J.: 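Supplied in structure tokens, the structure appears directly below.
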Amino acid sequence: MAGALLVPSSLSLIAAAHPVPAARAKAMGVWAAVSGTGLVAGPPLGGLLTEAFGRRAIFLVNVPVAAVAWALSRSAPSSPARPGRIDVRGQLSAVVALSTLTYALIESSWGALLLSVVAVAVFVRSQRHPEAMLPARLFRNRAFPLGLAAGAIVNFGLSGVLFVLSLYFQGNRGYPPSATGLAFLPLTIPTAFNPIFTGRSVARSGSRIPAVSGFLLMSAGTLIQVWSTSPALSAVALALLGFGVSLAIPSLLAAVVAAAPPELTGIAGGGLNASRQTGAALGVAILGALLTGTTASIALVTAAGVLLAGALVVAGIPAAQPVRES
């Protein structure tokens, strides 16, 4: 719940502080890079803490980090408010739809799947009124629905692949938790600096080319991992995945926020975050089920195919003209 509040709020602040699209794209690249530093620190630090103090330490370390972030956020500028009521029916139906769908995929439950379909129908119907959680006018710009679909796909691949490889490295290669965390550094390090360059590229040429390139790199890195026979080749594959992620996510952020009216940028950012987290849950559920029922190779090939489909989705995002800062 806290993350659901923080991510859209931060994106809304960036959009309000940088109304010029070129400057906003660069700022979102920095936002993604700062997020990437957490991704870089998380796996190795989590592995070391788990081995040294046990799994509870990975939760305890969040407390001082959250305290510092809270202190810094008190000086954050305000963004325009959008008056209105909370869309309770939309919120509840979305929660039921996603949770029952995830349960249905993991447990192969037809009853849960049927309940998810009903909840989706209720959600779609609930979004027709003026106080909808996800206003229909956001979908008038084709970049918004395509961006949401691509956001789900990018996290489907990223989270699903990380889940599969975490189990594979420890179960098949015998890595301890700390070594598993360090093994992911070729993936996580690019996410700490490459989004800055992605933001500049989006400012110059628009979101489509970096986004397509990102999905192609993610798909290629995942496929190479299938045939990886050495730690060196595995590191190359993970690096391609990391550079792909750091191209795709900032590009999608810029495209989705640019497609929304100024007063709906927070909702647009929240929608993208929700679609990404939905994709992550489905990626872990589906690829985890494939890993359990078949092999890691089949799970990774499936992820690569889904990511390749993501490249086709973002190819449909309208090309934006480069915008000079003013």
Side-chain angles (χ1 to χ4, degrees), residues 7 11 14 24-40 142-162 184 186-225 237-259 268-269 271-280 282-283 287 300 302-320:
V7 173
L11 292 173
I14 290 174
R24 185 171 60 229
K26 292 180 180 179
M28 288 186 174
V30 175
W31 180 94
V34 173
S35 301
T37 59
L39 187 62
V40 169
R142 189 175 59 176
F144 183 75
L146 290 178
L148 293 189
I153 292 172
V154 72
N155 270 41
F156 179 100
L158 176 61
S159 296
V161 168
L162 285 174
F184 284 120
L187 184 156
T188 55
I189 287 177
T191 64
F193 66 87
N194 195 54
I196 296 176
F197 299 103
T198 301
R200 295 175 180 175
S201 175
V202 171
R204 289 194 303 268
S205 59
S207 300
R208 186 165 61 185
I209 293 176
V212 171
S213 301
F215 276 98
L216 291 177
L217 285 177
M218 290 182 70
S219 181
T222 303
L223 273 181
I224 292 173
Q225 195 68 245
L238 288 171
L240 289 177
L241 189 61
F243 277 104
V245 169
S246 56
L247 280 168
I249 292 179
S251 303
L252 293 175
L253 281 171
V256 167
V257 172
L272 178 61
N273 184 56
S275 70
R276 287 178 55 200
Q277 302 314 316
T278 302
L282 296 178
L287 298 184
L300 292 174
T302 301
V306 172
L307 289 167
L308 188 60
L312 298 176
V313 170
V314 294
I317 294 177

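In this text, all values refer to a predicted model and were calculated from it rather than measured experimentally. Positions are given from 1, in the same order as the sequence printed here.
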J.: How close do A304 and L223 get, counting heavy atoms only, and between which atoms?
T.: CB-CG, 3.6 Å

J.: Give, for atom CG of L158 and atom OG1 of T222, the distance between the pair rounded to the nearest 0.5 Å.
T.: 9.0 Å

J.: What distance separates M28 CE from L253 CG, expressed to the nearest 0.5 Å?
T.: 6.0 Å

J.: List the atom of S207, the atom of P210, and the distance in Å for their closest heavy-atom pair.
T.: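 Result for this residue pair: O-CD, 3.3 Å.
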
J.: Quick one, L300 and V161 - any side-chain contact, counting heavy atoms below 4.5 Å?
T.: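 In contact.
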
J.: State the OG1-CZ distance between T278 and F156, to the nearest 0.5 angstrom.
T.: 12.5 Å

J.: Side chain of S275, backbone of L148: donor and acceptor closer than 3.5 Å?
T.: yes

J.: If you measure from CZ on F193 to OG1 on T198, what distance do you get to the nearest 0.5 Å?
T.: 10.0 Å

J.: Does S219 reach the main-chain N or O of L216 with its side chain, forming a donor-acceptor pair under 3.5 Å?
T.: no

J.: Where do A315 and R208 come nearest, in terms of heavy atoms and distance?
T.: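 Scanning both residues completely, I find the closest heavy atoms to be O-CD, 3.2 Å.
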
J.: Give me the atom names and distance for the closest heavy-atom approach of P318 to R142.
T.: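 Reported closest heavy-atom pair: CG-NH2, 3.6 Å.
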
J.: Mind checking whether I14 and V257 have side chains closer than 4.5 Å, heavy atoms only?
T.: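 No, too far: nothing below the 4.5 Å cut-off.
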
J.: Do any N or O atoms from the side chain of S205 and from the backbone of S201 form a donor-acceptor pair under 3.5 angstrom?
T.: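 Yes: the side chain of S205 pairs with the backbone of S201.
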
J.: Search all heavy atoms of L272 against all heavy atoms of G147 and return the closest pair with its distance.
T.: CD1-O, 3.5 Å

J.: If you compare all heavy atoms of I196 against all heavy atoms of A33, which two are closest, and at what distance to 0.1 Å?
T.: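 Nearest heavy atoms, I196 then A33: CG1-CB, 3.7 Å.
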
J.: Is there a side-chain contact between I153 and F215, using heavy atoms and a 4.5 Å cut-off?
T.: yes

J.: Under 3.5 Å, which donor-acceptor pairs link side chains of residues 237-252 to any protein atom two or more places apart or in another chain?
T.:
| unit_1 | atom_1 | unit_2 | atom_2 | d |
| --- | --- | --- | --- | --- |
| S246 | OG | N194 | ND2 | 2.9 |
| S246 | OG | G242 | O | 3.0 |
| S246 | OG | F243 | O | 3.0 |
| S251 | OG | L247 | O | 2.6 |

J.: To the nearest 0.5 Å, tell me how far S159 OG sits from Q277 CD.
T.: 7.0 Å

